Amino acid sequence: MSVPVRRRSVAIAGVAAAALLLAACGGSDSGSSASPSASNTDPACADYASYGSYPGTKVTVFTSILPPEQQKFEASWAQFEKCTGIDVVYEGSDQFEAQLPTRIQGGNAPDIAFIPQPGLLQKLVQQGGPVPAPQSVADNVDTFWTSAWKDYGTVDGTFYAAPLSANMKSFVWYSPAVFTDKGYTVPTTWDELFALSDQMVKDGIKPWCGGIESGGATGWLATDWIEQLVLRQQGGEVYDQWISHEVLFDSPQIKEAFTTLEGWMRNADYANAGFGDTKTIATTAFQDGGKPIIVGNKCGMYQQASFYANFWVNFKKDATIAEDGDVFAFYLPPINPDVSTPIVGGGEFVTAFADRPEVQAFQTYISSDTFATLKVKEGTWVSANNGVPLDAYSDPISALSAQYLTDDTATFRFDASDLMPAAVGAGSFWKAMTAFFAENKSVDETVKSIDAAWPAS
Amino acid sequence: MSVESSETAVALEKAAAKTAAPDHSGMSSALRRNLSSPWASAFVIILTVLWTIPTLGLLVTSLRPAEEANNSGWWTAFADPVFTLDNYQEVISGGDTIPGGILPYFINSFVISIPAAMIPLTLALMAAYALAWVPFRWSNAIFLLIFALQVVPLQMALLPLLQLFNLGWFGLPPLRDLVQAVPVLGDWIWPTGGTSFMPLWIAHTMFALPLAIFLLHNFVSQLPRDLFEAARVDGASHFLIFRKLVLPLSVPAIASFAIFQFLWVWNDLLVGLTFAGGTVDVAPITVYLSNIKGTYGASLHLITAGAFIAIVVPLIVFFSLQRFFVRGLLAGSVKG
């Protein structure tokens, strides 16, 4: 019987090996799709000739921006792909911030990442990974952006990343219908804003609503409120010193902002309209924060960024965003007359992790005015690229944002919490602001707890 | 047939009878009595209802129109019932958020989960047999070492594994290059700069092995010694013993581990995202679920519909294999 036994065992081993091999082969990537022939003879490609031709190449893009924005990006570089032969592979993930450092250190870096925090860019450069931007990108940025934007893409004097989109954060959302109905006018000074708030209280409307819950990032919206106030009260210089911790949180200038916020969003007469007491600010999702403005008109105003325009359809399917529509936004008025048009904004920076020619061609393309204009035409997206004509914006809120963001005289500053060390900007600052609302922590306690978490070096 | 082999057959029958008929004496019957009292039944029913409410909420939400689902609690649907299958249609055939729909991801999940359950199962069963029944030096120490590996958190191993795949350890060439060195097949299985299921299968296998070997070893080592001795006397090789004795007798343990591992891989997001990425050609269904909410969040109606489509498979797997599940887990976990 020994012979058949041996034969069988060999057969089993053979089958097992074959199964493993099959498993290894099955379902793997079926290979890159047929490379589009770079048809440079196509007249539509004339504008793209300068980027070169790289048929059969691939550029991977990793970002935190999910669909439906993905489709808009893909549409705006479709022609570029066709003309250069580069296949741009888009990957969006809400785990972006955690995944990117892992992939870089694991040797699996994407070619391009859209990094929403200059602070993260800095950290990545220190750890190694990002490659400096080519001259063609630097030239584009010099031509199309104000210098503040270029500085945020620069680490230790080396320019790495061109700006992509821009968020205008200094907006207050409101319902034009209610304003017309009650005879309110859009305030243009800080005093007018609070005179209006008091008027609303008299009329039985709670003026302010808000929500800062955002999963693991709960509190970020409240840090934006502090940033608005610091920039408005103290100006750009103190704001920059605050970011580098030369001005502590526990300093009279910054505490002034906290005290103002206490009388504004933590004021039981003012907030939290439509949700409950001011503690509910900490537990209401930021996505829902503006809901009472449009649903039941229970709330007067919500301080939120331009991108909040995308949320209104969640509450009302056909919500129109215009000066005479269901909702619109006005510019959060300045406080200190010495600070001209203070604007807090945000945006992504296009960082490359490879210097292959097709990657650089793509980088150059998305820092151009051609791309920005095409992308703007896809809707609900703003670029601070001044090569984009204002009439390219199809929606009034984006046009209004662009008007402020490309203003050379404005005091533009990037979202401070995105520039502070992560332990603070994505840690203690968020947590302290959440406690400020949830537990009614005093201003002193709040600022001290944030300072205490500032990294030593 | 020789005399020895009929002895093996007798021993096998005895052993089969032993495993098939667990004794109901002592603790288990006491447990049975207690659990069938009306109070206990009522308690279990209440618990089950409470436990099911969130799932019911998901189901109701998945059937409501977008505006209602995002603006009011699911329980209000009973007062003002408006139900639609649009959400399921959008998830299956694609919509504004993800035009391709859920199906490519659904298929990816199968392509990931089945090998990622079968490979560790095959390896672990062989290892379990070797560690339990092939006498060799240090076999206990090796088993202990493998067992100890369970304490290594998965998250800690992500980075080193990625480096092994893409950069190589200690100056050795990366695993990807080794795979690519295989003529013709290599570059197809794991293309440079491309996406592949390969790293995902390897990673899931690595993460599964310690528990799999532990569980299966405990089961396999409890099989009656007489059987193996009888088989040895008959001149059976290890491979024959493995195939004719261990494999058929371990079906409960195999099934329970297969369910365990399949469900784990099916529900995994972290490993999938780290090793395969989130592009539609390789990403599992969990990536779809985390992306369908979109950049602006708050697409409750789509997430819930997607989630219900995603759990259909685990439910089928679980219900079709569940009778092995309880038996198998107990068999592997309780020693002596």
Side-chain angles (χ1 to χ4, degrees), chain A residues 1-2 5-6 8-10 12-13 16 19-32 58 60 62 64-71 89-95 98-99 101-103 105-111 214 285-288 291 295 307-308 310-311 313-317, chain B residues 2 5 66-67 70-71 96-99 108 111-112 114-115 118-119 122 158-159 161-163 165-167 174 179 185 188-191 193-198 201 234-240 242-243 269-270 273-275 277-279 281-282 287 290-299:
Chain A
M1 201 175 144
S2 68
V5 168
R6 175 140 311 152
R8 259 182 232 156
S9 64
V10 169
I12 292 168
L20 279 175
L21 195 69
L22 272 179
C25 304
S28 66
D29 185 67
S30 55
S32 55
K58 199 154 100 173
T60 56
F62 189 42
S64 57
I65 303 164
L66 299 177
E69 292 303 309
Q70 173 177 348
Q71 288 87 315
V89 181
Y90 186 104
E91 181 189 349
S93 170
D94 61 349
Q95 306 292 314
Q99 284 282 317
T102 311
R103 290 194 191 177
Q105 287 174 44
N108 199 20
D111 293 327
S214 178
F286 81 92
Q287 293 98 329
D288 294 336
K291 194 161 125 185
V295 179
F307 67 78
Y308 198 74
N310 295 293
F311 292 92
V313 288
N314 292 336
F315 315 132
K316 193 177 167 197
K317 220 175 195 149
Chain B
S2 65
S5 65
E67 203 170 336
N70 288 313
N71 278 337
D96 290 344
T97 312
I98 297 186
N108 288 344
V111 179
I112 293 165
I114 294 174
M118 295 317 290
I119 301 170
T122 314
L158 291 179
L159 199 52
L161 260 187
L162 257 188
Q163 286 170 342
F165 293 163
N166 298 306
L167 302 172
V179 172
L185 277 181
W188 179 58
I189 297 172
W190 201 339
T195 47
S196 164
F197 291 112
M198 188 82 176
W201 293 330
D234 277 357
S237 70
H238 283 308
F239 277 110
L240 188 67
F242 183 76
R243 198 173 70 105
L269 173 66
L270 180 66
L273 211 51
T274 310
F275 290 100
T279 48
D281 49 347
V282 283
V287 168
S290 87
N291 284 0
I292 185 71
K293 70 172 185 288
T295 282
Y296 308 116
S299 292

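Numbers restart at 1 for each chain; the letters A, B, ... are given by sequence-line order, proteins then strands. Remember, it's a predicted structure, so these values are computed and weren't measured experimentally.
Contact annotation for Phe62(A): neither backbone nor side-chain heavy atoms come within less than 4.5 Å of a heavy atom of chain B. In this structure, chain B has a heavy atom under 4.5 Å from the side chain of Gln99(A), while its backbone stays farther away. Proximity to chain A involves both the backbone and the side chain of Leu270(B), based on heavy atoms less than 4.5 angstrom apart.
Here Asn291(B) is the residue among Leu161(B), Thr279(B), Asn291(B) with the most heavy-atom pairs under 4.5 Å with chain A. Contact count versus chain A (heavy atoms, under 4.5 Å) is highest, among Ile292(B), Val179(B), Leu162(B), for Leu162(B). Ranked by non-hydrogen atom pairs under 4.5 Å with chain A, the options Thr274(B), Ile114(B), Val287(B), Ile112(B) are led by Thr274(B).
Residues meeting the side-chain hydrogen bond (donor to acceptor under 3.5 Å, both in side chains) test with Asp94(A), sequence neighbours left out: Lys293(B). Under the side-chain hydrogen bond (donor to acceptor under 3.5 Å, both in side chains) criterion, Gln163(B) pairs with no residue at all, not counting sequence neighbours.
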Does Arg103(A) form a side-chain contact (heavy atoms from CB on, under 4.5 Å) with Leu273(B)? I'd like the steps, not just the answer. CA-CA 10 Å; Arg103(A) 290 194 191 177; Leu273(B) 211 51; 4.2 Å; yes
